[in-house]
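Worksheet for the structure shown next.
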Amino acid sequence: MKKKYIFFIFVFFFSFHITAQVTDDLLDVDFDSIFDESSANQDSAVSESDAGVSPVNVNRRGIIFGASYEFQGGLAPGWTLAPWHFDGTEEYSWGQGVKMVSNLSINAQLSEVFKVYTSLGYRIPGNIPDFSFSLGDFFFDYNFLNTVFLRAGKYEHTWGISSFTNLLARVPDLGPSGPSYIIKTDIPVGIGGFQALALTRVNIAGGIFPNQWSDLAFGVKYNIALRWVDFNIGVFYQRYVMPTRGFLSLKTTLGKTELYSEWLVAVNTHTDNAVSFAANLGFGRDFFGDKVTLGGEVFYNGEGNTYFFKPETSFTEAETVQFLNQFNIAFNFIYRINGRGSPRIFSSVNFSTAENSYQLVPGFKFTPFSDIEVYFAVPMALGDKDGYYYRHNADPYNRPFSIMMLVTFTGSVYASSF
C-alpha cells in the first residue's frame with residue numbers, strides 16, 4: 001500500500017516526541033466498510049443515481065455532466081512490537097496524510113436504446129510530473145428490442161451476497177489482477193432472468209489485449225425472485241489458471257430478519273480435478289425503528305489459499321486479498337443517534353478459528369456540517385501474534401493497535417441537457 005508522495009500536517013505534531021515515523025498513507029484504509037451501512041454488493045460500479053440519471057430521462061436523448069471532489073486529512077497514532085526488541089517492548093509511531101481527489105463524469109443517452117458512461121479522475125498525491133488522469137468506469141449500454149440488454153466496457157460487477165460468492169472478483173495466484181473489462185448480456189425471463197458475460201483483467205486501457213485463453217473468464221448466472229426467496233445460481237470458468245466454480249445463493253426475510261445462505265463448489269480443472277467447497281450462513285436485522293442494525297456471518301472456506309480483487313475506492317488502493325481458511329466468524333453493529341450530525345457508532349468483529357486470530361474495530365462517524373464527515377476508528381488485532389489479523393489488521397500499517405482520525409470534505413454537482 002505504498003504511495004509515491006505523502007503530505008505531512010506538521011502543525012499537529014510539533015509538540016510530540018515521535019519514536020518512529022510511518023511513511024505510508026494513512027488514508028489507505030477502507031472506512032467505507034468500517035462505517036458505512038450501504039451495501040458494497042451493487043449490480044454495477046455505477047448506479048443510475050450515482051450517474052445523475054433520473055428514471056424519467058432514461059429513454060430521452062441528452063447528456064449529464066458530473067463533477068465531484070473530496071479532500072481528506074487524517075492522523076493515526078499507534079503502537080507495534082518492534083522486531084528488534086526481543087524483550088517484547090512496543091514502539092509508538094505516527095501516521096498522517098492528506099489526499100485530494102477530483103472526478104469528472106459524462107453520462108450520455110445517445111438514443112432510446114444506446115447510452116454511454118465515462119469517468120475520469122485525478123488525485124494528489126499522484127503522478128504529478130506526468131499529470132496523468134486515471135480512468136474510472138467506461139462502458140456503454142444497448143437495448144436490443146427490450147429483450148437483450150448489453151453492457152460492455154471497464155467496470156466492476158458483483159454476484160452473490162458475500163465476497164466469496166462474488167466469483168467475478170476471483171483472481172488466480174499468478175496473472176492479471178487489475179480492474180475488470182466485461183461484456184455482459186442480460187435476458188429477462190418472467191420474474192428473473194439469465195446473465196452471461198466474458199471478463200478479462202489485462203490492461204486494455206494501456207494497449208494490452210487478451211492473447212490467450214487464460215486471459216479470459218466466462219460466466220453464466222440465473223436469478224429468480226420469488227415472494228419468499230431470492231434465488232441465484234451461477235458458474236464461472238477461466239481456463240488453465242483457476243478452478244471452475246459454481247455458486248448457489250438464497251436470501252429470504254422472516255419477520256424483520258433477513259437471512260441468507262450461500263454455497264460454492266470448486267473443481268480444480270486446471271490441475272488434478274480435486275473438488276472443494278465453501279459455505280456461509282448470515283443474518284441482518286434492524287431494531288428500535290431502524291436505530292440499531294445487527295449483522296453476522298459464519299463462513300467456511302474449504303478451498304485453501306484463494307484470492308479476490310478489491311477495486312480502488314476513494315479511501316483505499318486496489319489490492320488482491322486472500323480468503324481465510326476454515327471457519328471464520330464476522331459480526332457488525334451500528335447504532336444511529338438522532339440529532340445534529342447524524343452520529344453513528346459502529347463495531348466490527350472478525351475471528352479466524354484456524355489461526356486463532358481476532359480483529360476488533362470500534363468506530364464513530366458524524367457529519368458536523370454540510371459536506372463534512374468526521375471518522376474515528378480503533379483497529380485492534382488480538383489472538384496469536386502469527387495470526388492473520390496481526391499481519392493484516394485494518395490499520396493501514398498493520399499495527400496491532402492504533403487510533404485513526406479522518407476528516408473528509410466532499411461534494412458533487414450535475415448539469416444536464418435533454
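We use all heavy atoms of the structure for the numbers below, so side chains are in, but hydrogens, waters and symmetry mates are not.
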For this session: Applying side chain to side chain contact (heavy atoms under 4.5 Å, CB included), run through Leu150 and Phe144 and close with a yes or a no.
Result: CA-CA 8 Å; Leu150 172 69; Phe144 291 91; 4.0 Å; yes
For this session: Please tell me if the side chains of Phe231 and Leu250 come closer than 4.5 Å, counting only heavy atoms from C-beta onward.
Result: yes
Exercise. Is Glu373 salt-bridged to Lys365, going by a charged N under 4.0 Å from an acidic O?
Worked result: yes
Exercise. Just wondering, more than 12 heavy atoms not from Asp386 lying within 6.0 Å of its CG?
Worked result: no
Problem set entry | Check: Thr271 main-chain N/O paired with Asn268 side-chain donor or acceptor under 3.5 Å | no
Exercise. What is the distance from atom OG of Ser134 to atom CG of Asn103, rounded to the nearest 0.5 Å?
Worked result: 6.5 Å
For this session: Kindly determine whether Asn332 and Ser348 satisfy side chain to side chain donor-acceptor pair (under 3.5 Å), including the steps that lead there.
Result: CA-CA 5 Å; Asn332 292 328; Ser348 173; 3.2 Å; yes
For this session: Side-chain contact test, heavy atoms from C-beta onward, threshold under 4.5 Å: evaluate it for Ser163 versus Phe323 and give yes or no.
Result: yes
Exercise. Between Thr118 and Val116, does a side chain to side chain contact (heavy atoms under 4.5 Å, CB included) hold up when you go through it step by step?
Worked result: CA-CA 7 Å; Thr118 305; Val116 297; 5.5 Å; no
Problem set entry | Shortest non-hydrogen contact between Arg61 and Leu110, atoms and distance | NE-O, 3.1 Å
Exercise. Do side-chain atoms of Arg336 reach the backbone of Asp290 as a donor and acceptor pair under 3.5 angstrom?
Worked result: yes
Exercise. Does Arg151 use its side chain to pair, donor to acceptor, with the backbone of Lys184 at less than 3.5 Å?
Worked result: no
Problem set entry | Pair Asp384-Ser357, side-chain donor/acceptor within less than 3.5 Å | no
Exercise. With a 4.5 Å heavy-atom cut-off, do Val275 and Val265 have their side chains touching?
Worked result: yes
Problem set entry | Nearest heavy-atom neighbours spanning Pro188 and Asp186 | CD-O, 3.7 Å
Problem set entry | For Tyr260, side-chain contact (heavy atoms from CB on, under 4.5 Å) partners two or more places apart | Ile161, Lys251, Glu262, Asn280, Glu297
Exercise. Going by distance alone, is a donor N or O of one side chain under 3.5 Å from an acceptor N or O of the other, for Gln238 and Trp213?
Worked result: no
For this session: Determine, stepwise, if the pair Thr185 / Gln195 fulfils side chain to side chain contact (heavy atoms under 4.5 Å, CB included).
Result: CA-CA 6 Å; Thr185 58; Gln195 183 178 101; over 6 Å; no
Exercise. Would Thr244 and Thr269 count as having a side-chain donor-acceptor pair, cut-off 3.5 Å?
Worked result: yes
For this session: Might you point out which heavy atoms bring Asn301 and Asn325 nearest each other, and give the distance in Å?
Result: ND2-OD1, 3.5 Å
For this session: First locate atom CZ of Phe140, then atom OH of Tyr142, and finally report the distance between them rounded to the nearest 0.5 Å.
Result: 10.0 Å
Problem set entry | CZ/Phe366: more than 12 non-hydrogen atoms of other groups inside 6.0 Å | yes
Problem set entry | Distance-only donor-acceptor check, side chains Asn232 and Lys221, under 3.5 Å | yes
Exercise. Going by atom types alone, do Gln326 and Thr353 pair a side-chain donor with an acceptor below 3.5 Å?
Worked result: no
Exercise. How long is the span from the NZ atom in Lys115 to the CD1 atom in Ile64, to the nearest 0.5 Å?
Worked result: 8.5 Å
Problem set entry | Heavy-atom side-chain proximity of Val202 to Asn211 below 4.5 angstrom | no
Seminar exercise, completed: Rounded to the nearest 0.5 Å, the CD atom of Gln322 sits from the OG1 atom of Thr306 at a distance of 7.5 Å
Exercise. Which atom pair, heavy atoms only, marks the closest approach of Leu360 to Ser347?
Worked result: CD1-OG, 3.8 Å
Problem set entry | Any donor-acceptor pair under 3.5 Å from Arg285 side chain to Gly255 backbone | no
For this session: Give a yes or no on whether a salt bridge exists between Glu70 and Arg123, defined as a side-chain N under 4.0 angstrom from a carboxylate O.
Result: no
Problem set entry | Within-4.5 Å side-chain heavy-atom neighbours: Val292 and Asp286 | no
Exercise. Take atom CD1 in Ile187; do more than 12 heavy atoms of anything else shown fall under 6.0 Å from it?
Worked result: yes
Exercise. How close do Ser102 and Tyr69 get, heavy atom to heavy atom, and via which atoms?
Worked result: CB-CD1, 4.1 Å
Exercise. How about Phe65 and Tyr414: do any of their side-chain heavy atoms sit closer than 4.5 Å?
Worked result: no
For this session: Spell out, as yes or no, whether a donor-acceptor pair under 3.5 Å connects the side chain of Arg344 to the backbone of Ser342.
Result: yes
Exercise. Is Asp141 reaching over with its side chain to a backbone N or O of Phe149, donor-acceptor style, under 3.5 angstrom?
Worked result: no
Problem set entry | Exam field: side chain Asn166 to backbone Trp159, donor-acceptor pair closer than 3.5 Å | yes
Exercise. Taking the six-membered ring for Trp, are Tyr222 and Phe194 ring centroids under 6.0 Å apart?
Worked result: yes
Exercise. CH2 of Trp228 to CG of Leu254: how many Å apart, nearest 0.5 Å?
Worked result: 11.0 Å
For this session: Could you grab the distance from atom CD of Glu258 to atom OG1 of Thr253, nearest 0.5 Å is fine?
Result: 5.0 Å
Exercise. Just by distance, do the side chain of Ser180 and the backbone of Ala169 share a donor-acceptor pair under 3.5 Å?
Worked result: no
For this session: Please step through side chain to side chain contact (heavy atoms under 4.5 Å, CB included) for the pair Ser261 and Leu281, ending with a clear verdict.
Result: CA-CA 5 Å; Ser261 181; Leu281 179 64; 4.1 Å; yes
Problem set entry | Contact summary for Leu324 and Tyr389, nearest pair of heavy atoms | CD1-OH, 3.4 Å
Exercise. Do Gln359 and Met380 have side chains that get closer than 4.5 Å, going by heavy atoms?
Worked result: no
Exercise. Are the aromatic ring centres of Phe333 and Phe346 under 6.0 angstrom apart?
Worked result: no
For this session: Check whether the side chains of Asp137 and Ser119 place a donor and an acceptor atom closer than 3.5 Å, and report yes or no.
Result: no
Exercise. Would you say the side chain of Tyr181 lies within less than 4.5 Å of the side chain of Asn203, judging by non-hydrogen atoms?
Worked result: yes
For this session: Please check if the side chain of Lys154 supplies one atom and the backbone of Leu135 the other of a donor-acceptor pair under 3.5 Å.
Result: yes
For this session: For Ser214 and Arg239, test the side chains for any donor-to-acceptor distance below 3.5 angstrom and give the result as yes or no.
Result: no
Problem set entry | Pairs where residues 276-303 contributes a residue and the test ring-ring contact (aromatic ring centres under 6.0 Å, His included) is met, not counting sequence neighbours | Phe164-Phe299, Phe277-Tyr300, Tyr300-Phe327
Exercise. Do the side chain of Ser111 and the main chain of Val113 share a donor and acceptor less than 3.5 angstrom apart?
Worked result: yes
